[in-house]
Amino acid sequence: MHQGNRTKKRRGRLNRLLFACLMALVAANIVTYATGRTGQDEPAPLSETMPLPEDGPEEVQPLTLEDIRAVTFTDVAGSDPWADCIRHMACREIMNGSGSGAFQPENLMTRAGAVAALFRMSGAEAPEYAGSYSDVQAEDWFAGALAWAMKADLFGSDWSRSGIFGPQEPVTRAQLAVMLVRHREYMESKTDGTDAADRSGSPPLPEDAAAYLEGYKDGGSVPESCAPYVARALQDGLLDGMVSNAVYPNLPVNRGQAAQALTALAALETGEPLAAELAENLRAKTVVSAAAANHDAMQAKVDEIAAKYGAVGLQVAVMEDGEVTDSFACGWATKNTAPMTADHKMRVASLSKVSVGMAAMVLRDRGVIDLDASIGNYWGFPTRNTHYPDSPVSIRSLLSHTSSIPLYGDDVSRSKSAVAAKLQSNRYNNLKPGSVWSWGYNNYGFSVLGMTLELAGKDYLDNILGESLWSVMEIDAAFEGGEIQASDKLVTIYRHGGGVGRSAEAQKNYKRPPAPGSSGSSFAGGLTISANDQIKLLSLLANDGTYQGLRLLSAESVALMETRFEQILSDGTYQALPLRSQDAIYGRDRLYYHTGSAYGVYNFMSYDPETGDGIVVLSSGASSAKDGNGIYAVCGNIAQYFYALTASPS
């Protein structure tokens, strides 16, 4: 802690902080009252700080919960896990709102924003920026903070990439851990009067960080250079708001999570009672996994069921309470060559349709598409079923298999010209688009849907999903098997009885078409992905569009995907967008799910929206037998065992 005249300086600063909190409250209330806005606005430049008066009252008590809760933001609810930490950071002038009454807690924290916040916490003067990075100029708002960070040696040895800082790139958990720990070391060195580079008096880094990180499910994935800092940050509780049983070191951090981490750092550095109280309450959700606790028993059940239905290879991944918890595998990815793992990449057949639905919701969230407009808007020519001219053939109707487009077989061309010809020639059924009574499971319709989305988004679905979801979630997937990064993980698909449905080598030749929207051949069933990656996508739905606290889809879009027709279909199921659903299945009140079969795979994924429990089962070579729920038995038997294992006691 700072001594001597620094105490007086801090007291004057604290007086001004409380005044700033009051001014922020007044400003926020004025904006809210005048505009009525509750959504997010574009952020003001991060260089803007709360205005401080030249003078303030001489004496003031330390900040209290009542003080910080007087500051409100239109997009921060009191029930949000990061609400008080955000208000605390605002009152301390460490992080700012957007200037329009919003804080935007779900926006990703950039590297520039992280450096600026830590600079403000230091209380230091900004040195002159010497132009060390080619993508940072002296006039940039954060240049002084960056110059200070370099002088304070905040980044360690691996931050710079050939002189590039990447100010607008999101900061990852591992990078933030390095900066937090080294900031604490810097503050200790300033208190001790030593040079910032001399950290001998700082809390020691763990001697065996790798051993400590073994206690986390993915501890081995932490970069070696970051491991000591990540371990120290975890030991000190600096990441308590976001890390529970897994680190996810490469996952970006949002502004709400950053406020939590900075509050925990403030508690350690200053001993401020309020910061300590807030830090003590930071606890990421920890899931007690019944599947992991009974891993051997469930693995034995997977082996038993795979053998019963003749599966050549099988992979399973599960989640509990919305968190990915465990995975299982047995048999062969390629016979006598590669044992199956839950990371092998398998063509998932009609499970692909759910990812196409996610792509639609990504574009909806971006404002690119209208679910209820005619798809002709995106094809560039009028399209309508003349039997029902006032009911457009829309993206929503395609998602729900009610478009009135005929159920063409696989022998009908999915090229853009062939599809366009059918759409323009009024080749529709005499059924009302969008009506549940027009329902007919339509693979061709999903070919049209995928092409429509690519034409609207002017990009491949792989890229649309990759940019918004897959890259953040570290998912390696593609609608064409040859686009998979880990091509050595491709599964050979076997038919029941031993024949090859699709070889791994053949799948490497499946490449994306020459232009977005030029072919729809892969959208009904071509997605290639592992069970471990598919369960991540399922957890995104189970958590209403968030993954590890990060907002990737709007809650409204996930709710749309789960919206069922009220009428039950003839097979006892319900249709959603494009999820399927059943009630009273496998001991659960309701499950959302999808099945898939082609070339020898029989696949299933499902989740309980109330509990967040869910499972993905991908099989090759099994029989096509179905259980009493109409689910492929090799998948349904495993799902039934899992849902019973994870059921809450009555």
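Side-chain atoms are counted along with the backbone in the values below, which use heavy atoms only and exclude waters and symmetry mates.
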Point to revise | Donor-acceptor contact present, side-chain N603 to main-chain S597, <3.5 Å | key: no

Check your understanding: Within the side chain of S394, is there an N or O that forms a donor-acceptor pair under 3.5 Å with the backbone of S374?
Key -> no

Please tabulate, for side-chain N and O atoms in residues 517-529, each donor-acceptor pair with protein atoms closer than 3.5 Å (sequence neighbours left out).
{"unit_1": "S518", "atom_1": "OG", "unit_2": "A515", "atom_2": "N", "d": "3.4"}
{"unit_1": "S518", "atom_1": "OG", "unit_2": "A515", "atom_2": "O", "d": "2.6"}
{"unit_1": "S519", "atom_1": "OG", "unit_2": "S521", "atom_2": "N", "d": "3.3"}
{"unit_1": "S519", "atom_1": "OG", "unit_2": "S521", "atom_2": "OG", "d": "3.3"}
{"unit_1": "S522", "atom_1": "OG", "unit_2": "E480", "atom_2": "OE2", "d": "3.3"}
{"unit_1": "T528", "atom_1": "OG1", "unit_2": "G526", "atom_2": "O", "d": "3.2"}

Check your understanding: For residues K432 and N385, is any side-chain donor paired with an opposing acceptor at under 3.5 Å?
Key -> no

**Study point:** Side-chain H-bond candidate by donor/acceptor type, R580 with Q575, under 3.5 Å
**Key:** yes

**Study point:** Close side-chain approach of L618 and H344, heavy atoms under 4.5 Å
**Key:** no

Review point. Is the backbone of A486 close enough, under 3.5 Å, to the side chain of D476 for a donor and an acceptor to pair up by distance?
Key: yes

Check your understanding: How far apart are the closest heavy atoms of P513 and Y460, and which atoms are they?
Key -> O-OH, 2.7 Å

Practice item. Please name all residues satisfying ring-ring contact (aromatic ring centres under 6.0 Å, His included) with F565, sequence neighbours left out, ordered by chain then number. Key: none

Check your understanding: Considering the options L176, T172, D218, which one meets the side chain to side chain contact (heavy atoms under 4.5 Å, CB included) requirement together with P249?
Key -> D218

Point to revise | Counterpart residues, side-chain hydrogen bond (donor to acceptor under 3.5 Å, both in side chains), relative to E556 (two or more places apart) | key: R364

Practice item. Using the six-membered ring wherever Trp is involved, compare the ring planes of F446 and H401 and label them parallel, tilted or perpendicular (cut-offs 30° and 60°). Key: tilted

Check your understanding: Who passes ring-ring contact (aromatic ring centres under 6.0 Å, His included) against Y388, sequence neighbours left out?
Key -> none

Check your understanding: Under 3.5 Å, is there a donor-acceptor pair between the side chain of Q315 and the main chain of N532?
Key -> no

Review point. Near K458 NZ, under 6.0 Å, is it more than 12 heavy atoms from other residues, nucleotides or ligands?
Key: no

Check your understanding: When you measure from the side chain of S355 to the backbone N and O of L351, does any donor-acceptor pair fall under 3.5 Å?
Key -> no

Review point. Y547 vs Y248 aromatic rings, parallel, tilted or perpendicular, using cut-offs 30° and 60°?
Key: perpendicular

Review point. Are the side chain of D343 and the backbone of S530 linked by a donor-acceptor contact shorter than 3.5 Å?
Key: no

**Study point:** Qualifying residues under salt bridge (charged side-chain N to carboxylate O under 4.0 Å, His left out), relative to R495, sequence neighbours excluded
**Key:** none

Practice item. Using the test ring-ring contact (aromatic ring centres under 6.0 Å, His included), find all partners of Y599 that sit at least two apart in sequence or belong to another chain. Key: none

Review point. Do R396 side-chain atoms and G434 backbone N/O form a donor-acceptor pair below 3.5 Å?
Key: no

Point to revise | Ring geometry between Y444 and Y408 (parallel below 30°, tilted from 30 to 60°, perpendicular above 60°) | key: perpendicular

Check your understanding: If you measure only the distance, is there a donor-acceptor pair under 3.5 Å linking the side chains of T402 and S438?
Key -> no

Point to revise | Main-chain N/O of L553 paired to R551 side chain as donor or acceptor, under 3.5 Å | key: yes

